[in-house]
Visitor: 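Quick one: the structure is below, questions incoming.
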Amino acid sequence: MRQTEVLVIGGGPAGLSAALEAASLGCDVTLVDSDLALGGQLIKQTHKFFGSKEERAGTRGFKISEMLLEELHGYKDKIKVHTNCTATGYYKEDGVISCVIGEEKYFRIQAKKIVMATGAQERLLPFPKNHLPGVYGAGAVQTLMNVYGVAPGEKVIMVGAGNIGLIVSYQLMQAGVEIAGIVEAMDKIGGYWVHAAKIRRMGVPIYLRHTIKEAIGDQIVKGAVIQEINDKFQPTGTEIKIDADIICMAVGLTPTCEILWQAGCKMIYVPQLCGHVAQRDMNMRTSHPDIWVAGDAAGIEEASAAMVEGRIAGVGVAKSLGHGNASEQAKRLEDYKGRIADLRGGEVGQKICQGLKVCTVNQWEV
Amino acid sequence: MNLIEKHPIIDFKHGKKVTFSFDGKEMEGFEGDPIAAALHANGVRIYRETPIKEQTRGFFCAIGKCSSCFMVVDGVPNVRTCVTPLKVGMRVETQRGKGVIAMDAE
Ligand SMILES: Cc1cc2nc3c(=O)[nH]c(=O)nc-3n(C[C@H](O)[C@H](O)[C@H](O)COP(=O)(O)OP(=O)(O)OC[C@H]3O[C@@H](n4cnc5c(N)ncnc54)[C@H](O)[C@@H]3O)c2cc1C
């Protein structure tokens, strides 16, 4: 059995920040990520990020990841990294986590404290033949084209006109792929104006108040039938058939929290955070005294917030292990909490704050 | 291979070119890239067939979560090809049904 002081599960912006913060205060950290490279969602993002200056707004996503990895390099002795390594389960009897390297090599690891930074999973819509090869998640499309340089297809139907749908459509066009149309159930575009403007300028048809009725194809996707819906989301009859080899689903994300359930953390459904999330205190500690949570796994938000939450969790973990001095910890926490409040100050942040009110406790009783 | 040649922002750095086989056919891919990405670059979209309805499945989540891209790799079934790195000489096969673990294969 392996031992570590702190186990961070997930090496996206939240997990990397948590590991760095904990290590900088003196913790010995093990970081595992199931992907082949660290960085989580960031390595697929080629656009310039929103957020605040401290959280590197205006920098392209994959560059932010490079900065975090450079910082990680400075902590080679304190942070042990395993990629292509998936945490598969939490055993309640002894608090041991099982992991698998690749597909066959299992090991067990016992940590004094755990930070769950597993990010999110994509949602899918129910429609006939949604299982056909060619119906891809937006994240998967980004992985193919932005990380591995493989064109996902020739002609794409994008489902969802939120930020992700708009950004991925634009990125597809940058990679030379045609967008047959963007389908959106609401009567207006949900994403930020700048992203929508870029798409409009390129002349892509946007079908508002439409949904996907079914995919067309026998073995693989050949197109889709889309249909107009009314304000009660009922189909009204006008159908349009569109040829395409990819149907890209950008209909939202939901937190990845299986291990939190397994560990018996108190979970609560919070629509504003896009699913079930762990209740947490102000320092991101869950109801389980040895488990913290950060980033999209704690509620779908943004990379900027994920990084600050990771930092907060990192300080929280170090504090509970007695690493670093109290005044330094307090100073850092105050700084990070100010930064995250700034990030959530805008209009979008209001929704997040409503959600957080429901799942945040002041402090767990001891 | 069907690769993105020109990109306004990204300068793709590919690994070493290696050969592998898919259902007995020889293909080329980059070492270390996920098997699923290498197959996609070779135009392969169908990765497995489901046990009961025998429906086709392919790439879907790309983060090792959804089971859609399970294939038989070097005789091992249910390999998440979206997070398994390609190696030279790998034998990749379409998975039909549940797959048989090596221990019971004979
Ligand atoms: C198209 C798009 C555009 C975006 N634009 C912006 C933007 O402009 N500004 C902004 O701030 N944010 C943006 N975001 C959001 C941002 O990318 C995410 O909020 C952020 O990446 C969340 O960070 P995270 O570390 O919580 O999760 P992730 O980045 O998802 O990382 C989670 C990591 O955990 C790993 N993992 C999961 N389960 C396990 C397990 N069991 N074992 C081991 N490892 C595991 C995964 O492999 C992954 O690497 C965008 C997202 C998308 C998809």
Side-chain angles (χ1 to χ4, degrees), chain A residues 33-37 40-41 44 46-48 60 62-63 83-86 100 102-104 118-122 124 129-154 171 173-177 217-221 245-246 249 256 258, chain B residues 1-15 29-30 32-50 53-66 68-71 73-74 76-87 101-102:
Chain A
D33 194 295
S34 41
D35 212 335
L36 303 182
Q41 289 288 326
K44 317 173 185 178
T46 51
H47 63 287
K48 295 182 177 152
R60 296 186 195 281
F62 70 96
K63 293 273 180 206
T83 50
N84 193 17
C85 178
T86 305
V100 59
E103 301 292 287
E104 299 278 275
T118 45
Q121 271 156 270
E122 273 172 308
L124 182 58
K129 298 201 181 180
N130 67 1
H131 57 80
L132 282 181
V135 178
Y136 294 166
V141 164
Q142 281 195 308
T143 305
L144 273 184
M145 68 176 172
N146 292 347
V147 183
Y148 299 108
V150 177
E154 277 163 19
Q171 293 177 352
M173 289 187 276
Q174 285 181 319
V177 180
D218 183 21
Q219 299 269 301
I220 59 171
V221 167
D245 60 345
I246 302 292
M249 305 301 299
T256 296
E258 290 87 349
Chain B
M1 280 184 279
N2 179 14
L3 299 172
I4 299 167
E5 304 284 353
K6 273 204 321 253
H7 197 286
I9 296 164
I10 316 170
D11 177 19
F12 293 107
K13 290 181 189 71
H14 294 290
F30 297 110
D33 280 6
I35 296 168
L39 287 171
H40 215 285
N42 281 282
V44 178
R45 297 281 171 92
I46 300 169
Y47 297 178
R48 73 176 172 105
E49 236 171 47
T50 58
K53 294 194 172 170
E54 298 180 2
Q55 290 169 336
T56 50
R57 290 285 190 276
F59 198 64
F60 178 71
C61 80
I63 54 171
K65 299 264 184 233
C66 76
S68 187
C69 70
F70 279 0
M71 299 181 84
V73 177
D74 289 334
V76 178
N78 302 321
V79 169
R80 299 168 299 167
T81 55
C82 70
V83 290
T84 300
L86 182 71
K87 293 196 190 99
I101 52 173

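Note: hydrogens, waters and symmetry copies are ignored here, and every other heavy atom, side chains too, is used. By convention in this document, chain letters (A, B, ...) are assigned in the order of the sequence lines, proteins followed by strands, and residues within each chain are numbered from 1.
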Visitor: Taking Ile9(B), Ile63(B), Val76(B) one by one, which has the highest count of heavy-atom pairs under 4.5 Å against chain A?
Guide: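 Looking at each of Ile9(B), Ile63(B), Val76(B) in turn, Ile9(B) comes out on top.
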Visitor: Where on Phe12(B) is there a heavy atom nearer than 4.5 Å to chain A: the side chain, the backbone, both, or neither?
Guide: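 It is the side chain, since no backbone atom gets that close.
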Visitor: Is a side-chain donor-acceptor pair under 3.5 Å present for Tyr136(A) with His40(B)?
Guide: yes
Visitor: Is there a donor-acceptor pair closer than 3.5 Å between any side-chain N or O of Asn42(B) and the backbone N or O of Ala38(B)?
Guide: yes
Visitor: Considering residues at least two apart in sequence or located in another chain, which fulfil the side chain to side chain donor-acceptor pair (under 3.5 Å) criterion with Gln121(A)?
Guide: Thr256(A)
Visitor: If you measure from CG on Leu86(B) to CG on Leu36(A), what distance do you get to the nearest 0.5 Å?
Guide: 11.0 Å
Visitor: Highest number of heavy-atom pairs under 4.5 Å with chain B: which of Asn84(A), Leu144(A), Val177(A), Asp218(A)?
Guide: Leu144(A)
Visitor: His131(A): what forms a side-chain contact (heavy atoms from CB on, under 4.5 Å) with it, not counting sequence neighbours?
Guide: Gln55(B), Arg57(B)
Visitor: Please state whether the side chain, the backbone, both or neither of Thr143(A) comes within less than 4.5 Å of a heavy atom of chain B.
Guide: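 Side chain of Thr143(A) only, per the 4.5 Å heavy-atom cut-off to chain B.
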Visitor: Highest number of heavy-atom pairs under 4.5 Å with chain B: which of Gly176(A), Gly153(A), Gly119(A), Pro152(A)?
Guide: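 Most heavy-atom pairs within the cutoff with chain B belong to Pro152(A).
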Visitor: Any sub-3.5 Å donor-acceptor pair from Arg80(B)'s side-chain atoms to Gly102(A)'s backbone N or O?
Guide: yes
Visitor: Heavy-atom pairs under 4.5 Å with chain B are the metric here; pick the option from Gln174(A), Glu122(A), Arg60(A) that has the most.
Guide: Gln174(A)
Visitor: Side chain of Thr56(B), backbone of Gln219(A): donor and acceptor closer than 3.5 Å?
Guide: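 Yes, the answer is positive, given that a donor and an acceptor are paired below the 3.5 Å cut-off.
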Visitor: Under 3.5 Å, side chain of Lys44(A) to main-chain N/O of Val147(A), donor-acceptor pair present?
Guide: no
Visitor: Of all of Ala36(B), Gly32(B), Gly58(B), which one pairs up most often with chain A through heavy atoms under 4.5 Å apart?
Guide: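 So the answer, after comparing Ala36(B), Gly32(B), Gly58(B), is Gly58(B).
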Visitor: Should the ring pair His14(B) and Phe30(B) be called parallel, tilted or perpendicular, given that the plane angle runs from 0 to 90° and is split at 30 and 60?
Guide: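 Aromatic pair His14(B)/Phe30(B) classed parallel.
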Visitor: What option among Val79(B), Asn2(B), Thr84(B) has the most heavy-atom pairs under 4.5 Å with chain A?
Guide: Val79(B)
Visitor: Between Asp35(A), Asp245(A), Leu132(A), who has the most heavy-atom pairs with chain B when the cutoff is under 4.5 Å?
Guide: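 When all of Asp35(A), Asp245(A), Leu132(A) are compared, Asp245(A) has the most.
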Visitor: Mind ranking Glu104(A), Gln171(A), Met145(A), Met249(A) by heavy-atom pairs under 4.5 Å with chain B and telling me who comes out on top?
Guide: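 Between Glu104(A), Gln171(A), Met145(A), Met249(A), the count favours Met145(A).
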Visitor: Check each atom of Val221(A) against the heavy atoms of chain B and say whether the ones under 4.5 Å are side chain, backbone, both or neither.
Guide: neither
Visitor: Would you mind telling me which of Cys66(B), Cys69(B), Pro85(B) has the largest number of heavy-atom pairs within less than 4.5 Å of chain A?
Guide: Pro85(B)
Visitor: Tell me, for Ile10(B) versus chain A, whether the close heavy atoms (under 4.5 Å) come from the side chain, the backbone, both or neither.
Guide: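 When you check distances to chain A, only side chain atoms of Ile10(B) fall under 4.5 Å.
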